[in-house]
Amino acid sequence: MKQLIEQRAVDELGRIVLPLKIRQELGIETKDVMDIALNDDTVVLKKSHSVPHCAVCGTANDLKALPTLSTKHYICPKCISAVKSLK
């Protein structure tokens with residue numbers, strides 16, 4: 001098991017930034033959904049593969065599948081409207 005250790009401060013909203021090396025190692029990209037679990041006194045973060053989400057904004061509400069792609073990708077109505085308005 002590869003071990004990467006870095007420290008990050010928690011900001012006033014409770015956020016931390018995952019270091020680039022760790023995101024790259026795990027294939028975590030912008031808007032990916034993460035599973036967050038508490039295991040005794042340890043917080044476990046894992047890239048979620050079970051929760052569909054909008055490929056543009058990351059929401060999980062009222063999604064529409066994009067049928068032309070070989071893998072399942074989804075988009076929400078708000079982002080569909082935004083894309084249509086680009087014409």
Side-chain angles (χ1 to χ4, degrees):
M1 177 169 118
K2 189 181 268 191
Q3 187 173 6
L4 296 172
I5 298 175
E6 294 195 30
Q7 292 183 330
R8 292 290 188 267
V10 176
D11 73 8
E12 58 279 350
L13 296 176
R15 299 175 297 198
I16 59 167
V17 174
L18 296 175
L20 179 61
K21 289 179 187 177
I22 292 175
R23 294 191 319 262
Q24 289 173 334
E25 182 71 25
L26 297 175
I28 298 170
E29 298 178 11
T30 302
K31 305 293 182 189
D32 280 348
V33 175
M34 302 295 294
D35 293 331
I36 305 169
L38 184 61
N39 186 0
D40 295 324
D41 64 347
T42 303
V43 175
V44 179
L45 295 174
K46 186 173 88 169
K47 184 176 174 179
S48 180
H49 297 286
S50 60
V51 177
H53 61 280
C54 177
V56 179
C57 71
T59 187
N61 300 326
D62 197 24
L63 301 174
K64 308 293 180 203
L66 296 173
T68 59
L69 300 172
S70 59
T71 58
K72 290 268 189 177
H73 287 87
Y74 301 90
I75 190 165
C76 71
K78 181 179 175 184
C79 292
I80 290 171
S81 295
V83 170
K84 285 181 178 179
S85 71
L86 295 175
K87 294 182 181 180

- Quick one: does Arg23's side chain have a donor or acceptor within less than 3.5 Å of a partner on Leu18's backbone? yes

- Task: Could you state whether Ile80 and Leu66 fall into the same hydrophobic cluster, counting links through intermediate Ile, Leu, Val, Met, Phe, Trp or Tyr residues with side-chain heavy atoms under 4.5 angstrom apart?
- Result: yes

- Does any non-hydrogen side-chain atom of Leu38 lie less than 4.5 Å from one of Val43? yes

- Task: Kindly compute the distance separating CG (Leu45) from CG (Leu26), expressed to the nearest 0.5 Å.
- Result: 9.5 Å

- Report the distance from atom NZ of Lys84 to atom SG of Cys79, rounding to the nearest 0.5 Å. 12.5 Å

- Query: Looking at Asn61 and Pro77, what are the two nearest heavy atoms and their distance?
  - Reply: O-CD, 4.3 Å

- Closest approach of Tyr74 to Pro52 (non-hydrogen atoms, all atoms of both residues): CE1-CB, 3.5 Å

- Item | Nearest heavy-atom neighbours spanning Asp32 and Glu29 | OD2-N, 2.6 Å

- Straight-line distance of Glu6 CD to Leu20 CG, nearest 0.5 Å: 9.0 Å

- Would you mind reporting whether Cys76 and Asp62 have side-chain heavy atoms less than 4.5 Å apart? no

- Are Ile36 and Ile22 linked, directly or through other ILVMFWY residues, by side chains that come within less than 4.5 angstrom of each other? yes

- Considering all heavy atoms, the nearest Gly58-His53 contact: O-CB, 3.6 Å

- Item | Validation row: Lys47, Met34 side chains within 4.5 angstrom (heavy atoms) | yes

